[in-house]
Every structure is written in structure tokens, then in C-alpha cells.
Amino acid sequence: GYNLNQSQSQIISLEAGAETTVMDVRDALEAQGVFGAVFCAPATPKNCAMMRFTLNCNMTQAQLDKVIEACDKIRKQVDMVNWPSTLRIQNKVAA
């Protein structure tokens, strides 16, 4: 359900929207043992703050599964369904 903007690179961005929201995402993921980098304005447009992960070939399947499971666990906690990026992809599908 996360909008990854069809990324095919090793950098995966979760565009959470407001800066306060991305800080909540960071805290929720860190509580699950998953760490990424937060990008906020001026590095991103205002209200397009994001959490970025960089994957690499040295990661095990278990490590990848941990990231996916953590993202799944926090979806409701961080209100992912109402993020602007989520709503954009839902609007594209509906159109």
C-alpha cells in the first residue's frame, strides 16, 4: 500500500507528507529496529518529507523481510492511508 513511485533503484522513499508525520514514521520504524534517513524541507518541497532506505546486495532475505514487516506493522500507527503520496496513487488507480 505504500507509494514507492515505481522506484527500481536501491533507494526506497516513503513520502509521508508533513515533517511531523515523517518524524512519527522514523520513531515507529526505529522502535521496530529499522533505521533510515529523514529528508525534510528545504531538502524536499514543503509537506513532502520522506524517509529513505538504501538497500544493497549484502542484505540478507531476513533483513529485507524485517524492513517489510516493520513497514507493515506501523501502517495504521502512522496513518499511511491518508498520506498525500498514498492518496495520489489511489487517485491514479481510480481514474
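Just so we're clear, the structure is a prediction, and the values are computed from it rather than from any experiment. Side-chain atoms are counted along with the backbone in the values below, which use heavy atoms only and exclude waters and symmetry mates.
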OG1 on Thr44 to CD on Glu19, rounded to 0.5 Å: 6.0 Å

Closest non-hydrogen atom pair between Asn58 and Asn56, with its separation: N-OD1, 2.8 Å

Reported CD-to-CD distance for the pair Glu30 and Gln32, which is rounded to 0.5 angstrom: 11.5 Å

Steps toward side-chain contact (heavy atoms from CB on, under 4.5 Å) verdict (Tyr2, Glu15): CA-CA 9 Å; Tyr2 288 93; Glu15 184 189 329; over 6 Å; no

Side-chain (Thr20) to main-chain (Asp24) donor-acceptor, under 3.5 angstrom: no

Sole residue of Leu4, Asn3, Leu14 in side-chain contact (heavy atoms from CB on, under 4.5 Å) with Ser85: Asn3

Nearest heavy-atom neighbours spanning Thr21 and Trp83: CG2-NE1, 3.6 Å

Same apolar cluster (I L V M F W Y, side chains within < 4.5 Å links), Phe39/Val25: no

Spacing of CG belonging to Leu29 relative to NZ belonging to Lys73, to within rounding of 0.5 Å: 11.5 Å

Ile11 vs Ser9, side-chain contact (heavy atoms from CB on, under 4.5 Å): CA-CA, chis, key distance, verdict: CA-CA 5 Å; Ile11 299 172; Ser9 76; 3.9 Å; yes

Smallest separation among heavy atoms of Thr86 and Gly1, with atom names: CG2-O, 4.1 Å

Run the side-chain donor-acceptor check on residues 61-68: report pairs under 3.5 Å with partners two or more places apart or on a different chain.
{"residue": "Gln61", "atom": "NE2", "partner": "Asp65", "partner atom": "OD1", "Å": "2.9"}
{"residue": "Gln63", "atom": "OE1", "partner": "Thr60", "partner atom": "N", "Å": "2.7"}
{"residue": "Gln63", "atom": "OE1", "partner": "Thr60", "partner atom": "OG1", "Å": "3.4"}

Steps toward side-chain contact (heavy atoms from CB on, under 4.5 Å) verdict (Gln90, Leu87): CA-CA 5 Å; Gln90 289 174 353; Leu87 297 173; 3.6 Å; yes

Full working for side-chain contact (heavy atoms from CB on, under 4.5 Å) between Cys71 and Met80: CA-CA 10 Å; Cys71 289; Met80 183 269 305; over 6 Å; no

For residues 46-55, which side-chain donor-acceptor pairs fall under 3.5 Å, sequence neighbours excluded?
{"residue": "Arg52", "atom": "NE", "partner": "Ser13", "partner atom": "OG", "Å": "3.2"}

